Number of protein chains: 2
Amino acid sequence: MVSVVRAGVTAERLVQAGVELADEVGFDGVTVSALARRFDVKVPSLYSHVRNSRDLKTRISLYALAELADRGAAALAGRAGRDALIALGTVYRDYAREHPGRYAAARLRLDPQTAASSAGPRHSQLMRAILLGYRLEGADQVHAVRLIGSTFHGYISLELAGGFDHSEPDSQESWERIMDALDALLRNWPALSTHTPPPEVAS
Amino acid sequence: MVSVVRAGVTAERLVQAGVELADEVGFDGVTVSALARRFDVKVPSLYSHVRNSRDLKTRISLYALAELADRGAAALAGRAGRDALIALGTVYRDYAREHPGRYAAARLRLDPQTAASSAGPRHSQLMRAILLGYRLEGADQVHAVRLIGSTFHGYISLELAGGFDHSEPDSQESWERIMDALDALLRNWPALSTHTPPPEVAS
DNA sequence: CCACCAGCCTAAAGCATTTAGGCAAATAGG
DNA sequence: CCTATTTGCCTAAATGCTTTAGGCTGGTGG
């Protein structure tokens, strides 16, 4: 007999459902109550599987971080330089557009403990691998990782917020030009600021 | 005689208090209830001054956007090229570090109507002014605005989230190098890509 | 067979939002 | 100056999410 009296909630299924819910209603809409409704179970029942709301969101975040790192690693296989840069950027961007809730989840601020054991470090690793292809190492590599991370995240964040919606040219074109620009920049990474003299005011 | 029976709440004072509260407890912590406590008034009383919670946050966002645009405009006065770029970026970054709640407020997604009449367009205007100094116009200018906006916002967002906290070199150094890099890039903005189309990223 | 435990439940408290309706102080008009 | 209206704040109450405490039950191991 199929048990009707047990709903079969587990932490894993909560996370899975939470991930899907996030993409439907936004990461902020992922609530213990909403998940209880989805499992047709009373709210307090979930507290035996998950410590609290924060814990739930953390798990969803870890899931998204890992999934995204997997996709990034897959996209980077066999690529280097410009191809690799564009591939990774496109993975992030496509993930954010396909799964906005998961992308938002991946950006949840984790406590240092959790962050260290998350897939976060794998993301940095992917970027560093790309930069080796540009012969960037040491401090320059760190700066470049931060630039790329900032630009990827910033662009995706603004695009997702609709910042580029009602203006020409369309966002796809800007994205491609920005990838070009980053590639050009990395191929010719400026040395320590020699403090170029202020540009002459041309007549 | 000082009236003891009227607390003297107005929409303006609510916004002002909300702005300060945002910097203290984060923009998400700005709640009608918290403001009522701050004014020592019952919660429903605020609903005669503000339509609802969303309305309150929108007003705070508009305040922050305008304040930030004012600072940007002031910083740009008399500057061009690299100096202007760094000045504007630093205004954003300093504002975010001084007033994290206001910065978060400024990033609230407004409906198109409100956005159009906000100080948002002034921000784009500032960036376009800088790019004229780099001889960037037309579509290239739009792409560059988006790049700069993305990089500024992305860097500040990651820095604020503590993403650069526990690693060398420190964030200030990266910021300076990234400003250098952006300046170099704008001085030598790449023409339309003649590269072979980017390889398809795994389906 | 039975005792335990895992999985779900009800009850209840805390806090935020929001609407409805009331009273009294401030103010404007005659 | 006095009244009538408006304004500012109030109580009451519904809704929704979080979280803790404690109880019932059915499947499982001894």
Side-chain angles (χ1 to χ4, degrees), chain A residues 1-62 101 104-105 108-111 114, chain B residues 1-62 101 104-105 108-111 114:
Chain A
M1 293 215 302
V2 177
S3 171
V4 184
V5 68
R6 288 286 204 273
V9 177
T10 65
E12 290 70 37
R13 285 192 210 177
L14 279 180
V15 171
Q16 189 56 46
V19 154
E20 290 160 15
L21 186 61
D23 286 335
E24 293 166 21
V25 302
F27 190 48
D28 285 344
V30 176
T31 160
V32 179
S33 300
L35 276 185
R37 273 192 295 275
R38 182 157 293 211
F39 279 90
D40 202 40
V41 139
K42 298 299 176 182
V43 179
S45 304
L46 299 195
Y47 281 81
S48 9
H49 303 284
V50 146
R51 206 184 319 279
N52 52 35
S53 185
R54 174 76 196 179
D55 178 35
L56 173 66
K57 288 187 176 177
T58 297
R59 290 177 195 237
I60 294 173
S61 177
L62 292 174
L108 180 68
R109 184 171 183 171
L110 304 173
D111 63 282
T114 313
Chain B
M1 291 211 303
V2 176
S3 170
V4 184
V5 69
R6 288 285 205 271
V9 178
T10 66
E12 290 70 37
R13 285 193 210 177
L14 279 180
V15 171
Q16 189 56 46
V19 153
E20 290 159 15
L21 186 61
D23 287 335
E24 293 166 22
V25 303
F27 190 48
D28 286 344
V30 176
T31 161
V32 179
S33 300
L35 276 185
R37 275 191 293 275
R38 182 157 294 211
F39 279 89
D40 202 40
V41 140
K42 299 298 176 183
V43 178
S45 303
L46 299 195
Y47 280 80
S48 11
H49 303 284
V50 146
R51 204 182 321 278
N52 52 34
S53 185
R54 174 76 196 180
D55 178 36
L56 172 66
K57 288 188 176 176
T58 298
R59 291 177 193 237
I60 293 173
S61 178
L62 292 175
L108 180 68
R109 185 172 182 171
L110 303 172
D111 63 282
T114 314

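Since this is a predicted model, take the numbers as computed values, not measurements. Residue numbers begin at 1 in each chain, while the letters A, B, ... track the order of the sequences. Scope of the values below: all heavy atoms of this structure, side chains included, with no hydrogens, waters or symmetry mates.
Salt bridge E24(B)/R38(B): present, at least one basic N to carboxylate O contact under 4.0 Å.
Note that NZ of K57(B) is 14.5 Å distant from CG of L62(B), once rounded to the nearest 0.5 Å.
Inter-residue side-chain proximity for V41(A) and L46(A) is flagged as met; some heavy-atom pair is nearer than 4.5 Å.
Dashed line: the shortest gap from a side-chain N or O of H49(B) to OP1 or OP2 of dC9(D) is under 4.0 Å. Of the side-chain N and O atoms in S45(B), one or more sit less than 4.0 angstrom from OP1 or OP2 of dC10(D).
With sequence neighbours excluded, no residue satisfies side-chain hydrogen bond (donor to acceptor under 3.5 Å, both in side chains) with D40(A).
Distance NZ (K42(A)) to P (dC24(D)): 18 Å, rounded to an integer number of Å. To the nearest angstrom, P of dT20(D) lies 14 Å from CG of L46(A). Atom-to-atom, CZ of R51(A) to C1' of dT18(D) comes out at 16 Å; the value is rounded to the nearest Å. Rounded to an integer number of Å, the gap from OH of Y47(B) to P of dG21(C) is 18 Å.
Across dT19(D), dA12(D), dC9(C), the shortest atom-to-atom separation from the side chain of P44(B) is found for dA12(D). In the set dC9(D), dT18(C), dT10(C), the nucleotide with an atom closest to the side chain of V41(B) is dC9(D).
Residue V43(A) is in base contact, counting any heavy-atom pair closer than 4.0 Å across all strands shown.
Using modelled atom types and a 3.5 Å distance limit, the side chains of E20(A) and Q16(A) yield a donor-acceptor pair. D55(B) and T58(B) form no side-chain donor-acceptor contact under 3.5 Å, judged by distance and modelled atom types alone.
Contacts between residues 20-39 of chain B and DNA chain C, defined by a heavy-atom separation below 4.0 Å, involve T31(B), V32(B), S33(B), R37(B), listed by number.
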